[in-house]
Amino acid sequence: MRRTVLRRVGVLALDYLYAGRHQLRAFLDRGTPDALVAGSGHLAPVVLLPGIFETWRFLRPLAQHIHSGGHPVHVVTALEDNRMSVPEAATLVARHLQEQDLSDVVIVAHSKGGLVAKYLMGMPDSGPRIRAAVTVATPFGGSSLARFIPLPSVRALMPTAPGLLRLALSRAVNAQIVSVWGWFDPHVPAGSRLEGARNIELDVGGHFRILARPELLAIVDEVLATTD
């Protein structure tokens, strides 16, 4: 028991070190997302969706990995740090899909971004444009810790939040989703299992560090390979 507690404390410390380092990198990043689309081949386009309090720049290392495999990677800068409601965020992404005339899209999303992905996949105009989604550490069942944060954007992620309950009842697109999470997620204690989806629990702890793990990158590569 003591070893398990100490292990979780260690994971928590390393997870926040990772998050802090990459939030600082993202803050100092002045690059544009154009290079992630330019020079790509004709492989399936990828849309990258960040979690709450994250901009697309937080996920730049993941984007660069995907782009290095020949896939154009699209980001929606209008999401900013994704503090808006899930329907509002999905509307912005839907507009991007339409304006760029994207089809056979694979979404790769972190945390709340996975909720946006699922909502988007259920929209009549956008759903047919999307082939699959890989969601990482997404609170499909909400987070029991959200009630402790007095911010509407976070409280909307409580397990009892009406919007989250409605999204959970919509299962039509679940089979198109690959949900990945770690054995211990300090932000989503109940994990990210989604009924009807392909669910993968990795032997890695943390909500953020999982983004850089080779196991996750291999899963993303595998899903992309099946769409090419």
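Only this structure's heavy atoms are used, side chains among them; waters, hydrogens and symmetry mates stay out.
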Listed partners of Phe184 passing ring-ring contact (aromatic ring centres under 6.0 Å, His included), at least two apart: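 Phe184 satisfies ring-ring contact (aromatic ring centres under 6.0 Å, His included) with no other residue.
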List the atom pairs, with distances to 0.1 Å, where a side-chain N or O of residues 90-102 and a protein N or O form a donor-acceptor pair under 3.5 Å, not counting sequence neighbours.
{"unit_1": "Thr91", "atom_1": "OG1", "unit_2": "Pro87", "atom_2": "O", "d": "2.9"}
{"unit_1": "His96", "atom_1": "NE2", "unit_2": "His74", "atom_2": "ND1", "d": "3.2"}
{"unit_1": "Asp101", "atom_1": "OD1", "unit_2": "Arg129", "atom_2": "NH1", "d": "3.4"}

Residue pairs, two or more places apart or on separate chains, that pass side chain to side chain donor-acceptor pair (under 3.5 Å) and touch residues 117-127: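 Side chain to side chain donor-acceptor pair (under 3.5 Å) check on residues 117-127 returns Lys118-Asn174.
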Pair listing, side chain to side chain donor-acceptor pair (under 3.5 Å) test, anchored in residues 46-59, at least two apart: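 Side chain to side chain donor-acceptor pair (under 3.5 Å) check on residues 46-59 returns Glu54-His110.
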Minimum side-chain heavy-atom gap Leu217-Leu62 below 4.5 Å: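 Touching, per the 4.5 Å side-chain cut-off.
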When the side chains of residues 159-167 are checked against the rest of the protein, which donor-acceptor pairs come out under 3.5 Å, sequence neighbours left out?
none

Pairing residues for Glu215 by the side-chain contact (heavy atoms from CB on, under 4.5 Å) criterion, not counting sequence neighbours: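 Scan of Glu215 (side-chain contact (heavy atoms from CB on, under 4.5 Å), adjacent residues dropped) gives Leu202, Arg213.
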Co-members of Leu24 in a cluster of I, L, V, M, F, W and Y side chains, linked at under 4.5 Å: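 Once heavy-atom contacts under 4.5 Å are chained together, Leu24 belongs with Phe27, Leu28.
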ILVMFWY clustering at 4.5 Å (side-chain atoms), partners of Leu169: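 In the cluster with Leu169 there is nothing else; it is isolated.
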Under 3.5 Å donor-acceptor, Asp15 side chain and Phe208 backbone: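 Checked: pair present.
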By salt bridge (charged side-chain N to carboxylate O under 4.0 Å, His left out), which residues pair with [X], not counting sequence neighbours?
X	value
Asp203	Arg7
Asp221	none
Glu195	Arg171

Exercise answer: donor-acceptor pairs, residues 139-147 side-chain atoms, under 3.5 Å, sequence neighbours excluded:
{"unit_1": "Ser143", "atom_1": "OG", "unit_2": "Leu145", "atom_2": "N", "d": "3.3"}
{"unit_1": "Ser143", "atom_1": "OG", "unit_2": "His187", "atom_2": "O", "d": "2.6"}
{"unit_1": "Arg147", "atom_1": "NH1", "unit_2": "Ser144", "atom_2": "O", "d": "2.4"}

Shortest non-hydrogen contact between Ile149 and Arg155, atoms and distance: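 Reported closest heavy-atom pair: O-NE, 3.1 Å.
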Gap between atom CD1 of Ile219 and atom CD1 of Ile200 - 0.5 Å precision: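 So the CD1 of Ile200 and the CD1 of Ile219 are separated by 4.0 Å.
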